[in-house]
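Working notes for the structure below.
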Amino acid sequence: MELSEHIKTANVEDVTLRRPFHPALRGTLCVTSHHLLFSNRKDEASWQLLILLKNIDAIEKRAVGSSGTITIKCKDLLVLQLEIPGMEECLNIASSIEALSSLESVTEMYPFFYRPSHLTLLGPWGLSTTEQYYKQTERLWDRWRVSKVNSDYSVCPSYPSAVIVPREVDDDKLIRSARFRQGGRFPVLSYCHHSNGMVIMRSSQPLTGANKKRCKEDELLLQAVIDGSELGYIIDLRSAQQAQQARMTGGGFESKSCYRHWKRIHRHHERGKVVQESLIKLVEACSDLSHSVDRWLSKLENSKWLSHVHSALSTAGLVVECVERDGHSVLVHGSEGTDNTLLVSSLAQIILDPASRTVTGFLCLLEREWIQAGHPFQQRCAHSAYSHARLKQECPSFLLLLDCVWQVWRQFPLALEFSEALLLRLAQEVYASNYGTFLCNSEQERCAAGVKENTHCLFQSMLKPDIEEQYLNPLYEPTDLAIWPSVHPQSLQLWTGMFLRWTEYAQNMEEAREEVWSIVKEHRERV
Amino acid sequence: MEHIRTPKVEQVKLLDRFSNKSVTGTLHLTATHLIFVESNSTSAQEIWILHHHIASVEKLSLTTSGCPLLIQCRNFRLVHFVIPRERDCHDIYSSLLRLLRPVSYDELYAFSYNPKQNDQQREEGWQLIDLAAEFERMGVPCDQWQLTDVNREYKVCKTYPRDLYVPITASKPIIVGSSKFRSKGRFPVLTYFYQEKKAAVCRCSQPLSGFSARCLEDEHMLQAISKANHNSRYIYVMDTRPKLNALANRAAGKGYENEDNYSNIRFQFVGIENIHVMRGSLQKLLEVVGTRSLSMTDYLVGLENSGWLRHIKAIMDAAIFLAKAVTVEGASVLVHCSDGWDRTAQVCALGSLLMDPYYRTIKGFMVLIEKDWISFGHKFADRCDQLNIDPKEVSPIFTQFLECVWQLTEQFPQAFEFSEWFLIQIHEHVHSCQFGNFLGNSQRQREDLQLKERTYSLWAHLLNEKQNYLNPVYSPSFAESHPVLEPSTQAYHFKFWRNMYHQYDRSMHPRQSILKHVLTLKDSNRELEGTVQALKTKLQKFGVRTSPLKPQTPPRERSIAPRPQSLILGAPLLSRKEVQQEEDEEVFGEEAREDAPASTGGERTVEGSSATENGYGEVMGSFGSKNEPGVVTLEFGVARMSC
């Protein structure tokens with residue numbers, strides 16, 4: 001079925017648009033295969049609002065006399081209202097939106113059609129590859145190697161074709177270790193600390209099962225990671241009890257007797273549906289303006305969102321403590337190793353590694369630790385906070401990461417090269433984008449769909465000098481030291497720039513920010 | 001000094017409040033301070049605690065490592081010492097018990113504090129704030145409002161100042177009659193005049209109406225206030241108490257205005273709770289945030305259960321109501337509660353601050369406090385427990401006012417000339433009893449104590465170190481475009497004021513401060529400008545023309561390097577850091593630097609930022625000191641020059 005067949009009414013005149021902070025506007029509404037376009041040509045200058053249909057999370061329709069009202073709730077949390085004259089037009093538009101906003105086929109999505117004149121499809125896609133990362137990181141050359149054991153994605157469907165593993169472990173051992181890990185996600189290198197060579201590894205849970213299976217190669221692999229030093233830490237992102245229970249369903253954990261040099265620490269993290277429901281509750285609390293202070297605090301607490309932020313930052317801090325202060329290597333995993341694992345390992349890098357705090361470094365980190373590492377974006381970000389659809393595999397892990405990074409920035413406003421604007425842009429792009437970066441669930445799928453050949457890369461476009469400038473933090477002063485955030489609940493805050501951005505018009509804040517900019521600029525000129 | 005049995009104890013351990021960390025040092029007890037000096041020579045941290053700041057001392061039961069001594073301060077500092085020998089601990093404990101309960105005003109620090117100023121400087125300090133000039137600034141006296149001398153001898157109302165402003169038409173018999181019908185004689189007087197609409201904000205205490213009593217003079221008084229404003233036919237009477245409290249007061253022969261007896265009043269309850277509720281609320285709040293390894297859930301639930309932010313919002317709502325009535329409707333408003341010195345002061349002061357940009361400057365804020373709090377007799381001595389007379393009189397009323405202002409600074413970052421450190425520093429000194437301003441309960445009492453002759457003024461001290469309290473993004477033009485602030489009272493705007501309630505818990509603070517950084521940049525901008533000017537003059541002396549040395553980069557050059565970022569990231573960075581460090585030292589000066597050891601080189605790695613203290617927990621082993629980015633000094637501390 002052609003996309004256009006979903007469109008029964010393409011154009012409606014005299015539509016009234018209501019959106020936050022602005023007076024209502026009249027104009028023409030237009031539905032295309034990928035966009036909702038509203039244009040207002042009353043005045044000399046025409047004004048247009050273009051919304052990706054994929055950005056629409058939920059719509060509600062209501063009949064008022066002969067006309068209808070459609071409320072559009074976007075994945076970036078914006079809520080719009082359209083008053084459409086004519087009931088039939090209204091229903092047609094609504095059904096088109098419903099059908100077109102929930103396309104499942106990747107190649108029909110807009111990034112495959114987005115062809116701006118200033119971008120070209122030639123040249124490499126993405127910022128870096130595993131091989132390039134390895135080449136740049138001299139510290140790795142001695143003890144680590146790039147393995148192509150997964151080049152056809154058969155060992156681990158969700159890993160990239162190349163991964164970094166201990167030099168002394170050959171591909172055969174990797175294959176065996178992969179069989180012993182859920183989804184084949186055997187332990188691979190995530191980060192090597194510049195000052196002491198200690199590493200952060202990540203994987204999925206071992207499949208020890210009820211009868212405590214072992215895998216010699218998996219044990220050897222981890223032994224090779226710590227290479228003669230007497231201790232490494234396994235940070236298991238489940239409670240000890242949950243890890244025990246996982247054995248009943250074939251999962252499990254690294255037992256002390258088999259992994260003698262590794263000390264396991266359990267930290268409970270909520271996952272999947274629970275976190276998605278937190279987001280839903282939080283957004284609901286933020287959009288109801290009638291709350292008393294008590295009710296607001298109670299709803300904020302009840303959403304548990306800040307508790308997730310709290311645990312993610314605490315565990316990341318724990319990882320950093322192991323690596324930087326204790327001088328030991330760490331393996332991080334939960335169950336699948338595609339969500340909280342990535343969250344914790346990438347947060348730890350922000351805290352530890354000055355290189356990941358630059359704009360380029362941060363985007364490279366996201367590319368390496370989220371996109372190449374196989375965070376299933378398509379499943380996790382299918383819906384955001386408004387959808388009434390039954391939850392399947394949605395989970396705002398990535399949004400949680402952005403929130404945590406925002407918290408770090410709040411506490412170290414000089415240490416990150418990028419500003420809140422970058423985080424907000426990413427929060428938007430991850431749900432609906434012109435670019436192919438966040439499409440699909442893994443490198444394998446991206447390869448199959450031809451994402452790299454047929455779409456543009458978001459990160460590359462964000463790094464174009466004129467674009468990058470809007471994401472810079474004027475106060476940036478690089479520091480080589482670890483930036484340990486405080487994780488006392490009193491030190492963490494609701495990310496208002498994200499969750500209240502359509503509720504609260506932050507003009508005062510914006511002006512204050514500009515003032516800071518101008519002071520910084522003046523200083524630069526004088527110096 | 002006779003109360004001090006053991007002036008010095010060595011090998012005392014100071015435990016961190018939120019982690020298992022501790023440092024060892026020496027404890028000194030002086031007549032005015034308890035001082036802890038860390039033994040570690042490289043980062044010799046010092047903690048100075050003024051006796052007046054101590055709210056309670058508790059001796060816990062003996063442990064294997066010694067005898068714990070828990071000290072809770074009014075500025076929300078909590079220190080936990082472990083003293084090796086029980087006898088020493090007991091000596092310190094009993095000395096402190098005596099020292100923190102002064103029996104007369106003469107024992108307060110203000111009477112011994114000497115900042116090495118001569119009499120003339122001291123006098124000048126006291127003359128900085130002139131309330132007569134302030135009323136003149138508002139446009140009073142005028143054709144409708146006049147100064148009355150009825151209270152010159154404090155005969156009509158002991159707790160009011162001498163100089164009071166009343167409507168022209170309010171004759172002395174009316175004033176006296178009205179005062180007899182008001183609790184503590186606090187009859188309606190002017191506190192703020194909104195010139196643009198000729199609308200007045202007046203304050204008083206509750207009427208002694210009981211169930212049916214009325215007073216013609218009092219009714220005349222309100223009539224006079226109403227008549228003084230031609231813009232509005234009615235005046236608002238705001239009773240800032242919850243209705244239930246006001247009703248209960250009627251049984252005691254007090255109460256509220258009966259709308260039938262007063263013509264053209266619009267009566268309104270606002271529902272701010274009383275001092276006892278506020279005291280309890282703060283106590284609950286402090287309990288929650290003082291919990292070790294507090295979970296997010298317990299924190300938010302505790303914050304809610306304390307009711308603290310709800311109370312803050314109630315005060316804010318009342319102030320907004322007041323400001324709207326005056327600026328939008330042009331109506332005059334009479335504000336009262338029971339005695340008219342707690343909730344009334346909060347609402348009048350906060351309302352005026354919303355209406356008048358002047359009160360949002362450093363000087364103006366001092367004037368506001370001097371007017372609505374000090375002169376109108378907020379009972380600082382009782383509320384802040386200066387003489388430990390009655391614990392039931394203690395209440396964080398003024399703290400709440402400061403917090404409301406802070407909440408506003410969060411919503412309007414460019415509207416205030418001062419930063420939160422100004423508010424925190426004022427709070428510090430309200431309890432320090434180091435300056436005379438806040439001593440006693442009323443103007444009359446302050447005169448009896450001869451404070452102006454025997455003590456120093458805080459305002460002079462604060463103005464002296466003004467640069468510490470500046471808000472770098474303050475914009476006077478914002479005041480022009482927003483003369484009246486209209487804050488949002490959405491629940492999510494009311495936040496926990498971490499820097500106030502955790503001022504001394506460094507592990508909680510943001511590690512880098514935008515505020516301080518931008519202040520430094522601004523200072524450095526100014527200094528660079530100065531240097532350029534100085535060089536210019538020098539060159540001119542030598543007869544060299546200076547035109548090629550203009551400080552600004554000419555536009556032509558800028559177009560060559562369109563992205564200045566690269567310049568900043570490159571070479572000049574080092575020198576900028578140096579500049580910043582020099583700046584730090586200059587800004588804080590000799591005295592403040594003592595107070596804030598974290599700003600000196602050795603202490604730049606602050607205990608607060610270690611992992612264990614941040615609460616990640618669990619990893620064992622003892623770690624050496626660790627590198628950390630320069631940590632922000634948040635503690636300006638109290639001056640402690642004479643010991």
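Nothing here was measured: the structure is a model prediction, and the numbers come from that model. Below, read A as the first sequence line, B as the second, and so on, with proteins coming before strands; counting in each chain starts at 1.
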Reported NE2-to-CZ distance for the pair H488(A) and R292(B), which is rounded to 0.5 angstrom:
10.0 Å

As an exercise, state the distance from CD of Q411(A) to OG of S513(B), rounded to the nearest 0.5 Å.
12.5 Å

Kindly compute the distance separating CG (L306(A)) from CE (M296(B)), expressed to the nearest 0.5 Å.
4.5 Å

Determine whether Y492(B) and L500(A) make a side-chain contact, defined as any pair of heavy atoms from C-beta on separated by less than 4.5 Å.
yes

On a heavy-atom basis, which atom in N525(B) and which in I519(A) lie closest, and how many Å separate them?
ND2-O, 3.5 Å

Full working for side-chain contact (heavy atoms from CB on, under 4.5 Å) between N508(A) and Q414(B):
CA-CA 7 Å; N508(A) 294 332; Q414(B) 296 197 273; over 6 Å; no

Supply the atom-to-atom distance I514(B) CD1 to L414(A) CG, rounded to the nearest 0.5 angstrom.
7.5 Å

Any side-chain heavy atom of K495(B) within less than 4.5 Å of one from Q493(A)?
yes

Are the side chains of H517(B) and E477(A) in contact, using a 4.5 Å heavy-atom criterion?
yes

Worked verdict on L475(A) versus V518(B) for side-chain contact (heavy atoms from CB on, under 4.5 Å):
CA-CA 8 Å; L475(A) 300 174; V518(B) 175; 4.1 Å; yes

Out of S295(B), P472(B), A415(B), A491(B), return the one with the most heavy atom pairs under 4.5 angstrom to chain A.
A491(B)

Look at atom CZ of R17(B) and say whether more than 12 heavy atoms of other residues, nucleotides or ligands are closer to it than 6.0 Å.
yes

Against chain B, work out which of M509(A), Q507(A), H291(A) has the most heavy-atom pairs shorter than 4.5 Å and name it.
M509(A)

Nearest 0.5 Å please: distance from the CG atom of L521(B) over to the CD atom of E522(A).
10.0 Å

Against chain B, label K304(A) side chain, backbone, both or neither, depending on which of its atoms sit under 4.5 Å from a heavy atom there.
side chain

Contact leader toward chain A among F494(B), Y474(B), F412(B), Y501(B), where contacts are heavy-atom pairs under 4.5 Å
F412(B)

Which bit of A415(A) comes within less than 4.5 Å of chain B, counting heavy atoms only: side chain, backbone, both or neither?
both

Applying the side chain to side chain contact (heavy atoms under 4.5 Å, CB included) test to V293(A), which of H493(B), E304(B), K313(B) qualifies?
K313(B)

Heavy-atom neighbours of E486(B) CD exceed 12 at 6.0 Å
no

Can you tell me how far apart OG (S475(B)) and CD (E515(A)) are? Round to the nearest 0.5 Å.
6.5 Å

What is the minimum heavy-atom distance between S524(B) and H523(A), and which atoms define it?
OG-NE2, 2.7 Å

Any non-hydrogen side-chain atom of S292(A) less than 4.5 Å from a side-chain atom of R310(B)?
no

So L294(B) and Q490(A), do their side chains get closer than 4.5 Å, heavy atoms only?
yes

